[in-house]
Each structure stands twice: as C-alpha cells, then as structure tokens.
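Numbered from 1 within each chain, the chains take letters A, B, ... in sequence-line order.
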Number of protein chains: 2
Amino acid sequence: MPRTHITELVLRDGHQSLIATRMRTADMLPICPQLDAAGYWSLEVWGGATFDACLRYLKEDPWARLRQLREALPKARLQMLLRGQNLLGYRHYSDDVVSAFVERAAAGGIDVFRIFDALNDTRNLETAIRAVKATGKHAQGTISYTTSPVHGIETFTAMARELEQLGCDSIAIKDMAGLLTPMVAGELVRRLEQAVDIPLHLHMHATAGVAEMCQLKAVENGCEHIDTAISAFAGGASHPPTESMVAAFAGTEYDTGLDLNALQEIGFYFREVRKKYHQFESDFTGLDTRVQIYQVPGGMISNLYSQLREQGELGRMNEVLAEIPRVREDLGYPPLVTPTSQIVGTQAVMNVLTGARYKSITNEVKLYLQGRYGRAPGEVNAMLRQQAIGNEDVIDVRPADLLTPEMDNLRGEIGELAQSEEDVLTYAMFPEIGREFLEHRNNGTLVPEPLEPPPGNGDMGRPTEFNVT
Amino acid sequence: MPRTHITELVLRDGHQSLIATRMRTADMLPICPQLDAAGYWSLEVWGGATFDACLRYLKEDPWARLRQLREALPKARLQMLLRGQNLLGYRHYSDDVVSAFVERAAAGGIDVFRIFDALNDTRNLETAIRAVKATGKHAQGTISYTTSPVHGIETFTAMARELEQLGCDSIAIKDMAGLLTPMVAGELVRRLEQAVDIPLHLHMHATAGVAEMCQLKAVENGCEHIDTAISAFAGGASHPPTESMVAAFAGTEYDTGLDLNALQEIGFYFREVRKKYHQFESDFTGLDTRVQIYQVPGGMISNLYSQLREQGELGRMNEVLAEIPRVREDLGYPPLVTPTSQIVGTQAVMNVLTGARYKSITNEVKLYLQGRYGRAPGEVNAMLRQQAIGNEDVIDVRPADLLTPEMDNLRGEIGELAQSEEDVLTYAMFPEIGREFLEHRNNGTLVPEPLEPPPGNGDMGRPTEFNVT
Ligand SMILES: [Co+2]
Ligand SMILES: [Co+2]
C-alpha cells in the first residue's frame, strides 16, 4: 500500500504555469495510456485557465476535450479546479448555474472537484460543494494559503473544520504563490491533521525553489497527498517534479508506489511536446525567490511586467511591487489568486502610474469594497471605502444570495447557437468569446492560433533515449 | 550566529556543470564585490575542470585568474577542488609536484582545499592533505559517495575516521551523481556526525531533483555546511539554488544568516551572464532521474551521448547504459567520478560496439587492474584481470610510491617557456595544451574560442527588474 499519493498536474496547472495554458488536446492523447496506467491518485485535467484558453486561443471545445480525455483515461481519477461561485468565469453565478455546471462536468468525467475561493469565504464554496456531493463525486475544499497579520495557523484550522462540516471529502492547501517554507509547511500540516479527520492535499508552486522541501516536511507530518508535475513541465512557476518526489520517497515508509521507469517515459514524451510551444515560454517562469520577499505570486510578476511594458513604464516595476502589499492591506489582506490577484495588481499599477494613490479606482475594487466578492479576511480601509463607494450599500450576505436563477435567461440569450446544455454553460462562462466560439464552431470556421516552428535544427527528431527502459 | 553555512559554487562547479566550464574571468569580476560581501562560508572558484578549460578554450592563464579573483575577493574564503595525487591532471604525480602545486595554489589565494580520490583510497589523499596543512590552510577530506554491494554507511564512517586522523579540518560528502535520497542523506549524516568531531559539508548534484531535500535532511541531522549555486547556475546537473536554501532555512534554527535581497542581485547578474554562453547549454543538464535508476552521473550520460552520436551509434545508448554497471562490477565498484567515470564509460562503449565484452581493453582499464590508480573498493574480476594484464605485476603500494621526484625534469622539459613555478605546474598538468598555451602566451597570440551572439532580439538589454531591492 503506497503511503504518499500523487496528483499529476501536467495536463492542467503544469502547462498553465509554464506555457500560458496552451497545450492542445492532440498533444495529450498519445500519452494517455501511460498516464492512465501510472498509478496516480488523480490527474488534474480541467478547469483553471484551460477552459478560457481552449475557447480563446486553441479553438477547442473544452467539453469535447473533457470527453476525449475521459475516453482516453478510463481508469484514472480525473480532477478539475473550480473557482467556487465563480466557476471558471470572472463573476459570481447564481446557484442554478453552479449546479448545472457541476452536474455537466461530473457527467463529462470529472471525479474530483477542487473548489476554492480567493477570499477563503466558505459561503462562496457551499453551493459547489453541495452540487458535487449531489453527483456522488469527490468534493475537495480548498484553503487559499497566504500570509498576513490576519492569517495564521488558527485561521486555517478553523477554515478546515468548516470545510469538513460542509461535507468535503478532503482538503487542499493551495499555495499558489509558493510562500510556504519547509518548517512552516510541516507545522501547518501537523496542526491541520489534528483539526480534521479528512485527508490533506498539498498544492504548492515551486517558484521559490522550496516546494519539494515543503512537501517532504508535509509528508513527514502526516500529509498523504501531494501535487506534482512530470519533470518536463515542473519547476519554477509550476510544481515539484513527479519523478523527483517519487525518487525521494522510494523505499521509505512514504513510498508512492509509482514506477520511475514508467514516469520517465512520460517525462520524455512531454519534453518533446514542450518544445512545440516554445513561443509561450516566458522569462518569468523560472526560479524566483522574490515571492518570498514581496509575497507576490510569480504569475502576477510576469503579468505586471507585460502590463508595464505595454505602457512604456517598465522603470516603475519596483514602485508597483512595493505598492501591492499596501493595496492588499487596504483591502483586508486577500490572498492573491484569481481574481484578487488581478484586482490588487491593477489598482496598484494605477496608484503608481496616476501619481496619486486611489486617484482613480477600478470598478472591481469598488465591487470588492461593497462585499460583492465576499467577506474580506481582515478589516478594509474605511476611508478608502468611503471614498470609493460613498453611501452605497455594503452587503454582508453571501453575494450569490442576491442573484436570481439565470439558466433560463442564458438559454434564451444564446438561443440556437447552443446545441447542448454544455454550450449554454460555455456561453455563461465567457459571454463574448464563448458566443464567438460557438458561432465559428457551428460554421466550421474555427482556426487555432498558429504555432511557430521550433527554432534551430528541426530535423533532430526525438532523442534516441526516448525509449530508455 | 548562523547555523547553516553556505559554499557558493557558481564560479566553479555551477558553470562546469551547466555550460561546460566556459565562464570567463571577465564575467566573474564585476560581481565580486557582492560575492565578497554576501557572507558565504566559502566561494569555490578554482580546480576541477576550470584549469583545463582556461588553457584549452578560454586561453586564460588559470593562475592569473586565481590572482585576479583573490584581489577582487579580499574577504571571502576561496576554495578549490583537487583530485588528490592527480591534482588537476589525469595521472598520478610524484609527491614533490603535489607539494609544489598546493604551495603555489595557497600562495595564490586558495584557503580551502577539497581533496578527493575516485577510489576513496586515502593513500592518494595523504600527500595533498599534508601539503595543505604545511601551508596552514584548510584541508577538507572528501568521501566520493556511491552505492554498491561494497559501499555502505560503515564504509563511509570508517573513511571519515581515517580522514580525521590524517588531519583534515573538515569532511565533504561528494555526491557527484546525485544518488542520495533524503532519508539516506539524513541517516548518513547522522552516523558520520557520531563518527567524527570535524564539520561535515554536503556537496550534491541536483540531477535527480532531490538535492534540496537531501540537504534539508542533512541539516536537520547535524550537517552545518551545504554547497549551493546561485539560482541562475543552479538545478539539474548543477546544485540546489542558493536563494532557495537560504529561504528554506530563514527564521528557523538552521538560518544561514544570508540576505535574500543581496543574493537576488547576484542571481540577476548571473542570469544575464548565462545568456552569453548559450552555445554551451546542453539538452542533458536538466532534471534527469535516470541517475537514480542507472547510477550513472548526468555528466557521463551527456558524454556517452556525444561519443555514440559521433560514431553514428546513438541507437545503442540503452545497451551502453546497461553495460556500465557490469563494467563497474568487474572493476570492484569504483565510484563514477573523474577519472573512473571515463575509464568505465569508455570500456562500456567498447564492450557494446565491438560486439564482444572485453574483446578490446583500454589501456586505462589495464592500468586500473594493475592497481595503478589505487585500491579498488571491492574485488576486481580475476578472470578479467588475467585476460587484461596476464602475468604483469599488480601493485599494492600507493601508486605514487613508485614515482621519483619530477619537478626538476619538468622544469628542464619546459625550459624557457616557463616564466614562473606556476608555468612549470601548468605544463605538468597538461603537457601538450599547457606547452601550447605558454608558447602562445609568450608570443602574444592567444585567441579564445569565439562566443556566438545571443539568439533573437538582442536589444532587450537587462530587465529593469535587475535593480529590484
Ligand atoms: Co496551482
Ligand atoms: Co560537483
């Protein structure tokens, strides 16, 4: 019996973190027999930014991808990442949309739903958890890890207990920025293990180069599930390499039971795949310990870089990096993860570029200060709120409580373009690019963005070592 | 008081492992003030393949490099890697050459001499250790780590005790292949700590992606010195990133005392430097867990790859990888490190390509079987020895005991070309390329190999983030 269980991320977070979510289904299918047989606890294959990237760039139907993967991976547990009441979109949906989405995803093949909220407001997770339980699938509640004066081990153990009471089958610690350090990870896991009876999963980005050590300490302290990515899509903005974690525990009481030879074949396959997507490689996906200093996730740093470069203001990067923690404080210390990473980042850029803090305030910050995203972890800056929203109401209910059912409306709006309930949900997630996608699909005019040919000597082909066994 | 001390490898093993030892002194000097101030326990700057690369490719005088670095790094402890009685060459030298070399290196600025032998035959270390002690410098005895039926914790603790008795100031565990796993590293360190009173240093290549975890477990078990390379030259065939290990231990009882901000500046500097040497990047310097299966160091795999490709026999890579452990067994399980890595690798290739094992036997294998490199760790294959050397003598003394003093001869041979004792030693290390180098230097006709311009858009310049503070 293996003691440490692996969730393989290469088909979702691995390529999302390293090549801007561009891996195509056609590059996933050939290796599915090996992935299916490898003995992973689960394969993360869907959700996060994959839905968006499929529609926007790859011109693939994300639901069709799910069906194809399900067929190619008959044995594996398939996992997705779901943004609570946001699902895979960027707003709060009414409960009937959440239920319909979860039901269709489960029917399409998802076995494990990892559900998170950027504010750790469990009210934003309730409907999704309930919907998953109604399908009989595995509901994994998620703690979005961060550090701040209002976050500590007590905060996280309390949240874990809540998630357990909501019926979650397991709990994920999601350290999207890579802020954990080994001893902190060990202690956090030890305390969470004491607090709840359901299994813990550790999902941690390798940005600062400490994720392997954190997983080791987590496992030593009782965590039985870790997330890894096969070596070709591991490291830096991605995750610890699967092969390395398997090698690290082989022959110990924490053995994963996975076979290194089989994993190496998978690794060599994806090494070649990655080369096809070289145009999406970024300078900012490697090791970067700045996350440990600024607490800003690697993905945000690369985003800010592009944003400032476009505006010819790269020289102000340092000011922006220093402004981010201040905006975060004003907003009551939200963890930085979609969508708060964007809300905080954009406001910080405006605060710097306009020359005066909050001279201009984004619509998203206004909504946030109204409570429209949920409950802030700490107190928000009251003066800022007054300035931003004046005497408008601040809500203290669950944001989705203010929404009426909307599936019927959505069906009506998209009309004949939708050929299935899945199509309606595609439109619901991305009203503009979803509609456009459906139009082109129906007309047979979908054209994926082009891939640049590999640089240099293209005739080398696969290295002979591919078949090392 | 920091508890964990760092040896920074970027100026020697880092670039040796990742860009074929090609970093030029001119790219080291600008960052020396920051390296000097960073608070490392030591900086590895010399020895290994750097001497050879300076003469052969860079057309730099290695002794001049040492002087320049010593001047630019007035405070830092400078460290070198010395191959016992081989010094930096590929044969055994007489004791007077060893003493002269160590004396000149110490005079040139080396403070710490890490001394190893490929067979762990301590007789091959004695003269160098004695010579270092005579200069008043730090002598670090080295255990070349490997796994085999004749190697175990007892073997290594016994060797550690020997090294302590020989007067070593510290002991390095040198895992050049990256074979250690975290729990084994922890246990090995625990036992070595019990066996000796001098400090332990852990030098481990990151090839399999487990080195950070090994260092963590080593430190937890009492190891107070680890070797790391600044992030830009870390990972894969190189070593754990300095910044990551510093971040991992920051604020714990194992704190390194180093400042992450200062290290990041160094890291950003070397990120730009590395781009200059892109032509020396290899496909085989990344993560490769095959070392954990075949026990073959990453450097050897890439070497075999080139060797087989040149002969149009790449398709036989698997056979060669399978043959290496068999040759190693026949030779009594030598650790695979220079020069045994080459001796075993070349014979394995011949055994495969000639179609019959030992149909042809290299001269080096014959010398090895005569005991000319020292004592094999285990029993050698007696039939093979009979076949290889017939009735020729097998020596059981220290190989250098059969050598008479040779400094005077060397001085005579090189004559006027040598302008200093250092020049004589350069010639001693590399009779052909050393002589050629001295000729060109004296004539003012040294021409370093050209560097290819950086690929793509060369006008991006340094990223603005260079100065993030
Ligand atoms: Co992630
Ligand atoms: Co080394």
Side-chain angles (χ1 to χ4, degrees), chain A residues 181-184 206 208-217 231-232 234-235 240-254 260-261 263-264 267 271 283-284 286-294 301 305 308-309 314-318 321 455-456 460 463-465 467-469, chain B residues 181-184 206 208-217 231-232 234-236 240-241 243-254 260-261 263-264 267 271 283-284 286-294 301 305 308-309 314-318 321 455-456 460 463-465 467-469:
Chain A
T181 51
M183 305 313 172
V184 173
V210 301
E212 294 88 343
M213 291 182 275
C214 290
Q215 292 197 332
L216 174 66
K217 294 308 293 181
S231 57
T242 306
E243 299 95 311
S244 302
M245 297 311 298
V246 168
F249 294 130
T252 74
E253 59 181 306
Y254 309 115
L260 259 188
N261 273 307
L263 293 176
Q264 283 175 346
R271 192 144 90 166
D283 238 24
F284 288 86
L287 185 81
D288 195 339
T289 39
R290 283 181 294 182
V291 295
Q292 296 272 341
I293 293 176
Y294 297 109
I301 294 183
Y305 181 85
L308 291 174
R309 192 177 47 188
L314 258 187
R316 309 195 70 175
M317 187 77 175
N318 288 344
L321 283 173
M460 281 185 58
T464 316
E465 286 102 316
N467 283 317
V468 168
T469 49
Chain B
T181 51
M183 306 312 172
V184 173
V210 300
E212 294 88 344
M213 292 182 275
C214 291
Q215 293 196 332
L216 174 67
K217 295 307 293 181
S231 57
E243 300 95 310
S244 302
M245 298 311 298
V246 168
F249 295 129
T252 74
E253 60 182 305
Y254 309 113
L260 258 188
N261 273 308
L263 293 175
Q264 283 174 346
R271 194 145 87 164
D283 238 25
F284 289 86
L287 185 80
D288 195 338
T289 39
R290 283 181 294 183
V291 294
Q292 295 273 341
I293 293 177
Y294 297 110
I301 294 184
Y305 181 86
L308 290 175
R309 191 177 46 187
L314 258 187
R316 310 195 69 175
M317 186 76 175
N318 287 344
L321 282 173
M460 281 186 58
T464 316
E465 287 101 315
N467 283 316
V468 169
T469 49

Exercise. Is the closest side-chain heavy-atom distance between A:M213 and B:K217 below 4.5 Å?
Worked result: no
Problem set entry | Residue part contacting chain A, namely of B:A248, when any heavy atom lies under 4.5 Å | both
Exercise. Rounded to the nearest 0.5 Å, how far does CD1 of B:I293 lie from CD of A:Q264?
Worked result: 3.5 Å
Exercise. With sequence neighbours left out, what residues match A:S244 under side-chain hydrogen bond (donor to acceptor under 3.5 Å, both in side chains)?
Worked result: none
For this session: Go through the atoms of A:T289 and report whether side chain, backbone, both or neither lie under 4.5 Å from a heavy atom of chain B.
Result: both
Seminar exercise, completed: Per-residue tally against chain B (heavy atom, under 4.5 Å) across A:T252, A:L260, A:V246, A:T181 peaks at A:L260
Seminar exercise, completed: So, the part of B:Q292 with a heavy atom under 4.5 Å from chain A: the answer is side chain
For this session: Name all residues meeting the side-chain hydrogen bond (donor to acceptor under 3.5 Å, both in side chains) criterion together with A:E243; count only those two or more places apart in sequence or in a different chain, and write none if there are none.
Result: A:S231
Seminar exercise, completed: Separation between OH (B:Y294) and CG (B:N318), nearest 0.5 Å, reads 5.5 Å
Exercise. Side chain, backbone, both or neither: which part of A:A247 has an atom under 4.5 Å from a heavy atom of chain B?
Worked result: both
